[in-house]
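What follows is a short report on a single structure.
Note on naming: letters A, B, ... go to the chains in the order of the sequence lines (proteins, then strands), and numbering restarts at 1 for each one.
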Number of protein chains: 4
Amino acid sequence: MSVRLGFIGTGDLGADHVRRCANIMSGATVSALYNRTQSRAEKVARQFAPQARVTATPEELIESPQVDAVVISSASQTHEELVLKAIQAGKYVFCEKPLATTAEGCERILKTESAIGKRLVQVGFMRVYDQGYLNLKSLVDQKAIGPLLMAHAAHRNPTAGPHYTREMLISETLIHDVNTFHWLLGESFTAAQVLYPRSTSKADAALQDPQLVILETESGVLIDVEVFVNCQFGYDVQCAFIGESGEIRLPEPARATVRRNGQNHTPITMGCKERFETAYDRELQAFVDGVTAGKLTGPDSWAGYVASATADACIRAQKSGQREDIRLIPQPGLYQ
Amino acid sequence: MSVRLGFIGTGDLGADHVRRCANIMSGATVSALYNRTQSRAEKVARQFAPQARVTATPEELIESPQVDAVVISSASQTHEELVLKAIQAGKYVFCEKPLATTAEGCERILKTESAIGKRLVQVGFMRVYDQGYLNLKSLVDQKAIGPLLMAHAAHRNPTAGPHYTREMLISETLIHDVNTFHWLLGESFTAAQVLYPRSTSKADAALQDPQLVILETESGVLIDVEVFVNCQFGYDVQCAFIGESGEIRLPEPARATVRRNGQNHTPITMGCKERFETAYDRELQAFVDGVTAGKLTGPDSWAGYVASATADACIRAQKSGQREDIRLIPQPGLYQ
Amino acid sequence: MSVRLGFIGTGDLGADHVRRCANIMSGATVSALYNRTQSRAEKVARQFAPQARVTATPEELIESPQVDAVVISSASQTHEELVLKAIQAGKYVFCEKPLATTAEGCERILKTESAIGKRLVQVGFMRVYDQGYLNLKSLVDQKAIGPLLMAHAAHRNPTAGPHYTREMLISETLIHDVNTFHWLLGESFTAAQVLYPRSTSKADAALQDPQLVILETESGVLIDVEVFVNCQFGYDVQCAFIGESGEIRLPEPARATVRRNGQNHTPITMGCKERFETAYDRELQAFVDGVTAGKLTGPDSWAGYVASATADACIRAQKSGQREDIRLIPQPGLYQ
Amino acid sequence: MSVRLGFIGTGDLGADHVRRCANIMSGATVSALYNRTQSRAEKVARQFAPQARVTATPEELIESPQVDAVVISSASQTHEELVLKAIQAGKYVFCEKPLATTAEGCERILKTESAIGKRLVQVGFMRVYDQGYLNLKSLVDQKAIGPLLMAHAAHRNPTAGPHYTREMLISETLIHDVNTFHWLLGESFTAAQVLYPRSTSKADAALQDPQLVILETESGVLIDVEVFVNCQFGYDVQCAFIGESGEIRLPEPARATVRRNGQNHTPITMGCKERFETAYDRELQAFVDGVTAGKLTGPDSWAGYVASATADACIRAQKSGQREDIRLIPQPGLYQ
């Protein structure tokens with residue numbers, strides 16, 4: 001039996017999820033689409049799923065008996081309300097990050113999902129499905145380098161649009177690293193600090209790009225993350241752990257080397273979709289497999305909440321210039 | 001509409017294809033299975049496709065109206081006859097390499113398929129779906145290093161069983177490299193030579209392992225391939241092209257590096273399935289997509305024939321110690 | 001004409017300098033040796049320079065007409081006094097780092113050397129002679145990645161003795177990175193901060209190992225340096241710059257790769273001498289060449305002062321847990 | 001006591017050896033120079049060794065009591081006669097490769113040196129002083145990958161002049177690889193074969209560039225060496241051994257990586273001097289140290305003979321298109 005998916009938001013990433021479901025994934029069909037600009041949803045339907053219905057409202061999609069599970073890729077500020085509605089309709093829901101724009105919004109989701117008493121939500125943190133990060137996770141879990149002490153990371157984008165704000169550098173970009181470390185280490189964060197290097201002339205000065213974010217975890221692991229959203233040279237994600245007896249490094253994507261003109265050349269990926277293409281495929285497949293099995297396994301609402309609460313502290317640290325404490329609500333039983 | 005696949009041969013690789021179809025692929029269902037030992041087919045069906053039918057004969061499977069296309073993973077000597085039957089039944093057929101155990105067998109398939117006038121066959125050369133080889137192919141096609149002059153390659157397995165013969169080193173192992181170079185270069189081979197280094201003490205002396213196979217192509221590209229099926233240290237595939245202005249190298253699979261005890265450690269894959277897992281997924285998906293579209297795009301019977309005819313020459317060269325010419329029949333119009 | 005060198009301090013590193021002078025370098029001879037324990041100096045003389053004289057006091061060595069230039073490798077707390085005496089005797093002097101144990105001590109040397117009006121001092125910061133760092137320097141000077149914004153570095157030792165204190169982690173270890181960045185960037189530092197990750201169980205808890213030191217430069221470059229003196233796995237030095245258009249990384253020492261047992265293995269150097277052997281050869285050769293030419297070119301007293309003043313601020317930051325300002329005296333004309 | 005060196009031939013490489021002796025090496029002085037065009041020798045003397053004498057003939061230099069040892073960098077066809085004269089004068093002699101232009105010439109040197117009963121000759125095979133090759137040698141000697149079975153190598157130059165002949169590709173270029181494998185494996189060669197790939201359009205067609213040379217050793221190790229003297233992209237030397245339990249690879253020279261414009265860039269050396277600069281320093285220092293100690297340790301006349309006799313067979317194989325046997329004279333006792 002195929003899982004019938006309804007897609008809310010068919011912009012860039014949303015349309016890509018529709019394509020994925022139509023052409024690549026196993027056990028799922030595109031049943032319905034909704035987009036704020038309806039013609040866009042119709043266009044995507046024509047291209048990938050002519051048999052799918054385009055609904056007039058997201059509520060119509062969520063409540064449709066032809067929709068077994070919902071995939072939300074609409075604007076960040078709509079996430080909370082739509083996720084709540086899906087939960088209340090008893091539907092499984094995959095929601096792109098962030099789960100909500102504030103930690104408080106995430107708390108409302110935790111509460112509602114806990115009241116239902118069943119995990120219905122998967123958050124779109126795709127890195128946990130990347131082969132390289134899975135490889136890191138496996139080495140961390142094996143204690144390949146003993147207890148962990150530090151991590152060094154970088155999250156670099158070639159360019160960010162002119163609308164990109166200092167807060168978005170945290171809430172849209174760093175949030176991936178926050179979730180990744182939460183998952184890799186299996187623990188939460190206790191404090192955050194943000195340091196400002198000299199800013200690149202290729203970005204608006206108000207953005208302050210790059211930034212160095214320092215996170216501390218419950219067990220004392222110190223993590224530094226360079227976030228640089230106008231680095232020009234590539235979409236480049238780096239991660240290394242330092243433990244008591246060694247170091248582990250995230251591998252770079254495998255690319256053919258060309259020796260030419262006195263140089264070895266190896267390409268760097270230029271975008272998120274290129275870098276994490278397979279991870280996107282796998283995260284949505286995992287959601288569908290979870291729905292089919294009646295048991296979701298991917299990043300849950302608690303992960304979404306931890307990421308948002310930590311991002312909020314980083315934004316406070318951006319403003320204060322100080323080390324900011326991170327305090328979380330107790331983890332509800334559903335997520336333990 | 002889902003493509004209903006019938007699987008002939010549910011041994012190691014065959015069962016893996018059933019799993020792939022059941023759990024990973026898009027647009028296909030497992031409809032029927034046949035295996036020489038029927039209980040094995042039944043076991044695989046129970047595990048991955050309880051709704052599928054287990055047939056008493058391969059003919060029954062091929063002719064079943066519930067089977068849209070056939071996947072052959074049975075013993076090499078059965079391939080030719082089964083492929084011919086599938087073609088005669090007008091069914092699309094995916095056949096593991098080799099297409100037939102001799103060039104003559106492949107020729108009979110070319111003739112039958114040409115008579116039907118439609119490409120129905122895809123041969124299981126999965127490397128053409130590997131991301132690294134696709135990367136090489138794209139650089140070759142872009143003429144990134146100018147006209148090609150040479151290639152250096154290696155095909156290494158940790159161990160081969162005691163039954164592994166000198167001929168199998170060509171017909172089961174080297175045949176992958178032959179097809180890969182045929183596809184990468186877009187041309188055929190004109191001569192072959194085999195040189196014998198000192199043999200490893202870890203293999204039967206009669207096997208003569210490793211061997212160095214030298215191939216020449218129509219345009220004069222000289223290819224050397226080290227084939228070493230008892231190399232102990234890993235399943236390791238290497239490939240580099242030398243052109244007029246540079247060199248291109250196949251990337252190694254991306255793996256996390258561990259620094260520990262005075263050494264950097266990066267793992268080497270230990271088996272074919274681990275090394276080419278994604279390629280296997282993609283080749284079968286490409287077959288299903290081709291069936292759905294009514295147009296196959298993967299390695300065709302001509303590729304199967306070229307590989308077999310070239311392998312035959314290599315086996316002659318193993319025996320003669322001389323450079324052996326390779327002469328092909330004219331390429332039928334269907335494959336041009 | 002050969003430069004006649006007198007060596008004060010013939011411990012581990014001092015004896016190595018004597019060997020270097022006797023066996024490897026051009027244009028220099030070992031003329032005299034002094035060591036606090038005289039028998040040690042005699043032993044080193046017998047081994048490498050039987051014709052050299054062993055003096056009873058360092059002053060006798062410095063003032064000897066048979067000594068053209070002095071090499072100081074004695075204990076850190078003796079450096080200032082011996083350097084001052086050499087300057088006052090009008091002798092060129094190579095002094096191991098630190099130039100003095102405090103910034104004030106360095107200031108006294110700056111004053112005395114300035115009064116003489118001639119550069120007589122070279123400080124033993126050997127990294128500026130390492131091929132890899134020279135490669136970095138050349139790329140920085142070419143503006144290969146545009147204006148620099150950040151640097152990430154690591155300085156790791158396998159183990160530090162039980163006597164190793166929290167301050168030594170700065171004054172003996174980090175001081176090399178401080179000098180290296182001063183030289184690479186051609187600017188000084190304005191502030192320092194020290195962060196404490198979870199401490200390794202393999203070091204005394206009082207040491208707090210590893211540490212993350214953050215330095216800011218005059219132009220706003222933000223540098224983070226992981227210092228980990230009990231990392232177990234190797235003597236490992238890492239350095240990367242982030243500029244407006246790219247990244248540059250210090251290469252690892254070239255070592256043969258061994259593929260064995262399912263792993264690629266590449267060795268990591270285990271000690272400072274192994275890692276910087278050629279750099280040590282070149283720094284002392286550069287000193288001798290400078291003496292011969294009447295013009296020193298290596299790290300000068302000002303570099304020694306900047307390193308010490310910056311290290312002092314880091315030690316303050318270790319204690320305060322705060323960002324500490326770094327204020328330097330005006331650079332005397334002699335060093336501009 | 002300094003070894004007084006006389007230099008015969010002060011062209012490109014010869015002048016570089018003079019500079020090396022004057023500026024870099026320990027224990028040697030430039031005593032005399034001879035060059036066919038005397039003004040060239042005078043110019044080199046003025047630049048590096050104003051106190052050295054320029055002689056009118058090479059014999060005058062060889063016989064001068066001011067010359068302890070001779071360094072020959074003149075044209076290849078002069079080597080044999082000059083080496084013989086130096087031996088007869090009882091002088092140590094360092095001779096650039098080839099020791100003589102034919103195996104017979106080398107045999108005359110073996111005979112003369114044997115008659116004197118003392119090793120006086122070092123041949124200029126500098127690779128045995130390269131850190132990377134020493135690293136390989138050490139791993140081979142440790143049997144890090146078990147008994148050796150094969151080697152794959154490449155010797156690439158960016159361009160060769162128009163005068164460069166097919167024979168020179170062996171006698172001037174491949175000869176380095178021949179000597180290197182002789183030294184690494186500690187055994188001689190029994191047969192050679194040369195294969196011709198498609199030739200680059202960037203070289204004269206008569207040259208046939210690149211070529212694949214196959215060598216067999218006494219124990220059956222099969223070595224393939226790609227020689228490509230107009231490869232355009234760099235001076236690139238590759239070497240890998242395959243043993244019963246693994247593979248060892250020569251490291252590439254350490255160079256900083258630049259990430260820029262969507263590519264990782266690592267430079268490739270562009271010339272022999274850049275690639276082997278330190279090896280050249282060390283080979284001449286080893287010669288001087290050997291002279292001082294009265295015992296040479298570098299590549300001896302036997303190594304020179306084996307390289308020339310093997311090169312002769314490769315040239316025969318270039319012409320015959322066949323596998324050519326290599327037969328050596330018995331190794332004289334002096335070299336055992």
Under a 4.0 Å threshold between the charged nitrogen and the carboxylate oxygen, would A:Asp130 count as salt-bridged to A:Arg275? yes

Using distance alone, with no hydrogens and no angle criterion, decide if D:Thr159 and D:Tyr164 have a side-chain donor and acceptor under 3.5 Å apart. no

Option among D:Gln211, D:Gln208, D:Gln193, D:Glu167 that satisfies the side-chain hydrogen bond (donor to acceptor under 3.5 Å, both in side chains) test with D:Gln318: D:Gln211

Quick one: do D:Asp12 and D:Lys273 make a salt bridge, cutoff under 4.0 Å? yes

NZ/NE/NH1/NH2 to OD/OE distance under 4.0 Å, D:Arg127 and D:Asp177: yes

For a quick check under 3.5 Å, do A:His152 and A:Glu226 share a side-chain donor-acceptor pair by atom type? no

Quick one: does NZ or CZ of D:Arg166 land under 6.0 Å from the six-membered ring centre of D:Tyr196, within 45 degrees of the ring axis? yes

Please state whether the rings of A:His155 and A:His176 are parallel, tilted or perpendicular, taking 30° and 60° as the class boundaries. tilted

So which bits of residues 135-149 of chain A come within less than 4.5 Å of chain D, counting non-hydrogen atoms only? none

Are there residues of residues 241-262 of chain D that reach to under 4.5 Å of chain A by heavy atoms, and which ones? D:Glu252, D:Arg259, D:Arg260, D:Asn261, D:Gly262

Within the 3.5 Å criterion, strictly below it, is a donor on A:Arg282 or A:Gln131 matched to an acceptor on the partner's side chain? yes

